[in-house]
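As structure tokens, the structure follows; a few thoughts come after it.
Residue numbers begin at 1 in each chain, while the letters A, B, ... track the order of the sequences.
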Amino acid sequence: MNNGYAIETDRITRKFGELVAVDNISIKIKYGEIFGLLGPNGAGKTTLTHMLCTILCPTSGTARVAGHDICSEPDEVRSSIGIVFQEPSLDNNLTGRENLDFHGRMYGMTSEQRKARIEEVLSIVGLSNRADSLVKTYSGGMKRRLEIARGLMHRPKILFLDEPTLGLDAQTRRVVWEQIEKLNKTEKITVVLTTHYIEEADYLCDRVGIIDMGRIVALDTPQALKDKLEGDVVYLKVDDVKKFLRIFQKSPLVKGVKVTGDSLQLQVGNGSKTIPRIIETVRRNGGQVQEVSLKRPSLEDVFINYTGKAIRDEGPDVASRFGMHGHWRR
Amino acid sequence: MSATQVIYTLWLREMKWFLRGKTRIIQSVVQPFLWLAIIGIGMSSAFKLPGGQSYLQFMAPGIIGMTLIFSSIMSGVSVLWDKQFGFLKEILVAPVARTHIMLGKALGGVTTSLLQGLLLLIAAALVGVWPPTILALAQVMVFMIFISLAFVSLGLAFASKMTDPVAFPLVANFLVMPLFFLSGALFPLATAPDWMKAIAYVNPLRYGVDGLRGAIIGLSDLPLWVDFGVLLVFSTAMILIGGYLFRKTSI
Ligand SMILES: Nc1ncnc2c1ncn2[C@@H]1O[C@H](COP(=O)(O)OP(=O)(O)O)[C@@H](O)[C@H]1O
Ligand SMILES: [Mg+2]
């Protein structure tokens with residue numbers, strides 16, 4: 001099985017009435033990677049995740065997860081995956097430990113296996129000391145960490161995390177990121193996460209698929225996505241701005257020139273390689289470079305380039321989490 | 001993943017919920033006890049039934065039936081709370097058959113409903129009505145189990161089609177009230193108008209109450225085996241329908 005892909009989708013599509021929530025997506029996710037689906041609210045991330053977890057049927061197309069077809073072999077898929085849903089899914093009337101125990105039983109673990117693994121996953125997420133309190137007394141961050149612990153209970157090959165840090169404060173978010181990295185490295189778990197936080201995709205993911213209106217519009221490593229934009233900007237301070245504006249407008253080295261204050265802003269393909277030649281050009285024309293700096297494109301720029309809009313950090317997802325389930329504090 | 005372990009896991013959780021909701025247990029028993037202790041005793045001193053039994057004796061099995069049908073149907077609400085709080089997703093994404101999930105939930109509902117029925121049986125004994133023999137007690141238990149099974153499954157069937165846990169009790173009441181009033185729990189159907197008798201014939205609770213009454217005070221319209229047969233068919237049908245609808249429920 002390890003010679004195949006962890007996940008392979010084949011023109012998978014899901015419609016809700018007229019609305020096409022997931023539109024003909026064909027992607028391959030490798031074993032061992034942290035794969036991110038980055039997209040705004042309503043892009044179709046949750047719908048795609050639910051289909052891959054076999055709790056929602058595709059309208060057309062299909063997918064193989066851990067080597068099994070999601071439509072014809074859902075039970076095999078289910079026993080190979082773990083999932084942390086976007087919306088809370090804990091039993092608030094049970095303790096943390098009881099939630100984990102319930103999960104272990106449902107996945108056919110024996111009593112000894114459960115006992116040992118519960119201690120393990122509790123310590124991974126740092127909840128050992130609160131394990132015997134009812135979940136309704138937990139803060140939002142603690143609930144999230146318990147859900148991650150639960151996703152790990154049965155040692156899944158593939159772990160789905162639907163917006164794992166939604167609504168968490170910056171500090172808790174860091175903690176969760178570190179835990180996800182650790183899982184991926186030490187437990188060799190393939191992680192598929194969805195997010196609408198650019199920094200999260202950038203920091204955490206080996207590869208990122210940008211999803212918008214149900215379609216994957218770009219897919220690569222964060223670095224390659226940025227490189228492909230060829231959107232490096234060189235800020236150049238020279239003694240004679242007007243003269244060099246004219247010169248660079250004609251130069252084949254740069255794709256565009258602007259003046260900002262007392263410096264020139266040059267749009268180039270690969271900044272680090274072009275800078276020496278830009279300095280050379282200035283010298284040859286009898287000028288003097290006073291300052292030079294380089295700005296590389298962010299994943300945000302990549303996102304804007306492919307979708308024509310900025311991703312924003314708000315919307316119904318946050319609202320539903322806050323609205324229905326009380327306060328969301330760490 | 002073995003069926004018994006799944007069923008046991010879900011049953012265990014229902015038990016924990018039940019035992020942690022103490023106010024609910026008390027409420028579910030106090031109200032029928034007041035019916036017995038006040039209405040039952042009050043009516044008993046006002047008039048006697050044609051057969052010579054006291055009204056309290058006549059009514060006690062009916063009130064037990066009432067407790068069972070209410071608690072059974074209401075056990076379906078747990079599915080809706082699970083939908084509301086997202087826990088149903090956790091259950092449905094596990095590698096287990098939905099039929100087993102439904103059976104676990106049903107068994108949990110039957111157990112809680114039976115426990116409440118037993119408390120009522122004790123309450124009835126306190127006001128002087130109890131099954132005369134061990135055999136009668138066994139018959140009472142059998143009827144209580146099948147009444148619970150039938151209406152727990154009915155509750156699950158409704159819950160599979162609904163989403164709002166707050167609306168559920170309203171629907172349940174709407175369903176249970178006519179079934180209860182037309183079950184012969186509060187007055188003998190033998191002397192009732194024909195149209196009422198006709199409706200009562202298709203009311204499954206009527207057979208349950210009749211069976212309980214036959215076992216407890218030896219008074220019944222129909223032979224016990226008829227009561228039991230009808231209840232058996234009805235509860236089997238309900239389990240199948242409940243199981244079918246639960247398999248199709250979406251999160
Ligand atoms: N059960 C549903 N019924 C109707 N529309 C839905 C349903 N679930 C999702 N949608 C719609 O599908 C689109 C994608 O939603 P979703 O997958 O939740 O996006 P994301 O997780 O990226 O925010 C949205 O327009 C949403 O309104
Ligand atoms: Mg989502």
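For a residue to count as touching a neighbouring chain, one of its non-hydrogen atoms must lie under 4.5 Å from one of that chain's; by this rule Ile91(B) touches chain A with backbone and side chain alike. Only the side chain of Lys16(B) comes within contact range of chain A, with heavy atoms under 4.5 Å apart. Interface remark: His154(A) contributes no atoms to any contact with chain B (heavy atom separation under 4.5 Å).
For the atom pair Arg20(B) CZ and Leu94(A) CG, the distance stands at 6.0 Å (nearest 0.5 Å). In this structure, Met106(A) CE and His100(B) NE2 are separated by 11.0 Å, a value rounded to the nearest 0.5 Å. Taking CZ of Arg105(A) as the start and CG of Leu10(B) as the end, the distance is 11.0 Å to the nearest 0.5 Å. Note that CD of Gln5(B) and OG1 of Thr110(A) are 8.5 Å apart. Values are rounded to the nearest 0.5 Å.
Ala94(B) approaches Tyr107(A) most closely through the heavy-atom pair CA-OH, 3.5 Å. The minimum heavy-atom distance between Glu90(B) and Phe85(A), with the atom names listed, is N-CE1, 4.0 Å.
Annotation for Phe16(A): atom CZ counts as buried by contact number, over 12 foreign heavy atoms lying within 6.0 Å. Atom CD1 of Ile134(B) has 12 or fewer neighbouring heavy atoms from other residues, nucleotides or ligands inside a 6.0 Å radius. Within a 6.0 Å radius of CD in Glu187(A), more than 12 heavy atoms belonging to other residues, nucleotides or ligands are found.
Options Leu56(A), Thr54(A), Leu90(A), Ile81(A) differ in how many heavy-atom pairs under 4.5 Å they form with chain B, and the most are formed by Leu90(A). Ranked by heavy-atom pairs under 4.5 Å with chain B, the first of Asp75(A), Asn93(A), Ile55(A) is Asn93(A).
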Applying salt bridge (charged side-chain N to carboxylate O under 4.0 Å, His left out) to Lys89(B) and Glu87(A), what does each step give before you reach the verdict?
CA-CA 10 Å; Lys89(B) 283 196 291 251; Glu87(A) 306 286 339; over 6 Å; no
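For Arg13(B) (side chain) and Glu98(A) (main-chain N/O), no donor-acceptor pair under 3.5 Å exists by modelled atom type.
Test Trp17(B), Phe85(B), Trp81(B) against Asp91(A) for side-chain contact (heavy atoms from CB on, under 4.5 Å) and you get one pass: Trp17(B).
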